[in-house]
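What follows is one structure encoded as C-alpha cells, with my remarks underneath.
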Amino acid sequence: MYLEGKSYQQISNTLNKEKVLAPKHWRDTTIMKMIDNKVYMGDYEKGKSNNKDTLVYMNVVEPIISRAIWNEAQYQKEKNQRSYTRDRVYIFFQKLKCPKCNKIMKCKGSGGTKENICNK
C-alpha cells in the first residue's frame with residue numbers, strides 16, 4: 001500500500017477498518033516503524049535506539065520482503081516527506097502581537113472556519 005502512494009495514516013485506517021489482526025488498533029506510527037525496520041528484509045540492527053554506533057547484521061533472519069522492495073519504500077518515504085521551508089518573505093512574520101493578550105499573532109491560511117483565539 002505504501003508503494004502505491006498511501007500515507008501511514010491511510011494504511012492504518014485501512015487495517016483498522018478491515019480489522020486486520022483485530023483487536024489490535026493500528027496507528028500511523030506503527031506503520032512508519034515497520035517501513036523503517038530492516039528486519040523485514042533480513043537484517044538486524046543493534047544499538048539503533050541508543051545514541052551509539054548502530055551495528056547491522058545482514059541476512060540473519062528470513063526476509064519477508066526483498067531488499068529491492070525495502071529500498072523502494074525508503075525512496076518513497078523520501079518523496080513523501082514534505083519540505084517546510086518558506087519560499088516567500090513575510091515582513092510581519094513573528095512581529096505582530098495581539099493588543100489584548102500580547103501573544104504573537106499567527107497567520108491562518110485560507111479556508112476553514114474563523115475563530116477568535118484571544119479570549120481576553
Side-chain angles (χ1 to χ4, degrees):
M1 285 190 270
Y2 189 70
L3 293 179
E4 295 169 358
K6 298 216 186 276
S7 69
Y8 303 135
Q9 188 64 54
Q10 289 171 324
I11 294 170
S12 64
N13 290 344
T14 300
L15 294 174
N16 286 325
K17 183 179 174 185
E18 295 178 4
K19 298 184 183 199
V20 175
L21 297 177
K24 179 177 178 55
H25 180 73
W26 291 92
R27 299 185 191 286
D28 59 340
T29 54
T30 306
I31 306 303
M32 180 185 70
K33 288 176 186 175
M34 289 174 74
I35 289 171
D36 286 340
N37 197 339
K38 290 184 178 183
V39 79
Y40 293 104
M41 68 171 174
D43 297 347
Y44 174 73
E45 288 183 291
K46 183 178 180 185
K48 185 176 179 180
S49 60
N50 301 335
N51 289 333
K52 301 176 186 176
D53 292 332
T54 303
L55 293 173
V56 178
Y57 300 97
M58 297 180 73
N59 301 316
V60 294
V61 295
E62 187 69 30
I64 297 172
I65 61 171
S66 69
R67 286 189 187 281
I69 291 174
W70 192 86
N71 288 329
E72 195 175 332
Q74 302 313 301
Y75 175 73
Q76 183 70 35
K77 186 174 73 168
E78 286 180 29
K79 262 178 41 175
N80 290 354
Q81 289 178 344
R82 297 180 183 157
S83 174
Y84 291 102
T85 59
R86 296 184 187 277
D87 57 350
R88 296 182 182 175
V89 176
Y90 298 96
I91 60 173
F92 296 116
F93 182 69
Q94 296 285 317
K95 292 184 173 96
L96 295 178
K97 292 187 177 183
C98 174
K100 293 180 182 178
C101 65
N102 206 31
K103 288 184 180 178
I104 293 175
M105 296 178 77
K106 298 177 183 175
C107 178
K108 174 106 169 91
S110 63
T113 58
K114 292 183 180 181
E115 62 183 72
N116 186 0
I117 295 173
C118 181
N119 293 328
K120 291 187 177 186

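Within 6.0 Å of the NZ atom in Lys77, the count of heavy atoms belonging to other residues, nucleotides or ligands exceeds 12.
Remark: Glu72 pairs with no residue by the side-chain hydrogen bond (donor to acceptor under 3.5 Å, both in side chains) rule, at least two apart or across chains. For Arg67, the side-chain hydrogen bond (donor to acceptor under 3.5 Å, both in side chains) partners at least two apart in sequence or on another chain are Asp43, Asn59. The ring pair (Phe, Tyr, Trp, His ring centres under 6.0 Å) search around Tyr40 returns none, not counting sequence neighbours. Applying the side-chain hydrogen bond (donor to acceptor under 3.5 Å, both in side chains) rule to Asp28 yields no partners; only residues at least two apart in sequence or on another chain are considered.
Rounding to the nearest 0.5 angstrom, the gap separating the CG atom in Asn37 from the CH2 atom in Trp70 is 9.0 Å. Gln9 contributes atom CD, which lies 10.0 Å from atom OG1 of Thr14 (distance to the nearest 0.5 angstrom). Separating the OG1 atom in Thr54 from the CD atom in Glu45 is a distance of 6.0 Å, to the nearest 0.5 Å. One distance of note links CD of Glu4 with CE of Met1; it measures 8.0 Å at 0.5 Å rounding. In this structure, OH on Tyr8 lies 12.0 Å from OG1 on Thr30, to the nearest 0.5 angstrom. Rounded to the nearest 0.5 angstrom, Lys46 NZ and Asp53 CG are separated by 12.5 Å.
Apart from Val56 itself, the hydrophobic cluster it occupies contains Met58, where clustering links Ile, Leu, Val, Met, Phe, Trp and Tyr at side-chain heavy-atom distances under 4.5 Å.
Under the 4.5 Å side-chain heavy-atom criterion for grouping Ile, Leu, Val, Met, Phe, Trp and Tyr, Tyr75 is not connected to Ile65 through any hydrophobic cluster. Linking Ile, Leu, Val, Met, Phe, Trp and Tyr residues whenever their side-chain heavy atoms come within less than 4.5 Å leaves Ile104 and Leu96 in two separate clusters.
A distance-only check finds a donor-acceptor pair linking the side chain of Gln74 to the backbone of Ile35 [under 3.5 Å].
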Would you list the atom pairs, donor with acceptor, under 3.5 Å between side chains in residues 16-23 and any protein atom, with sequence neighbours excluded?
| residue | atom | partner | partner atom | Å |
| --- | --- | --- | --- | --- |
| Asn16 | OD1 | Trp26 | N | 2.7 |
| Asn16 | ND2 | Ser12 | O | 3.1 |
| Asn16 | ND2 | Trp26 | O | 2.9 |

Inset, instruction - Any chance you could lay out the side chain to side chain contact (heavy atoms under 4.5 Å, CB included) test for Leu15 and Ile31, step after step, and finish with the verdict? - result: CA-CA 10 Å; Leu15 294 174; Ile31 306 303; 3.8 Å; yes
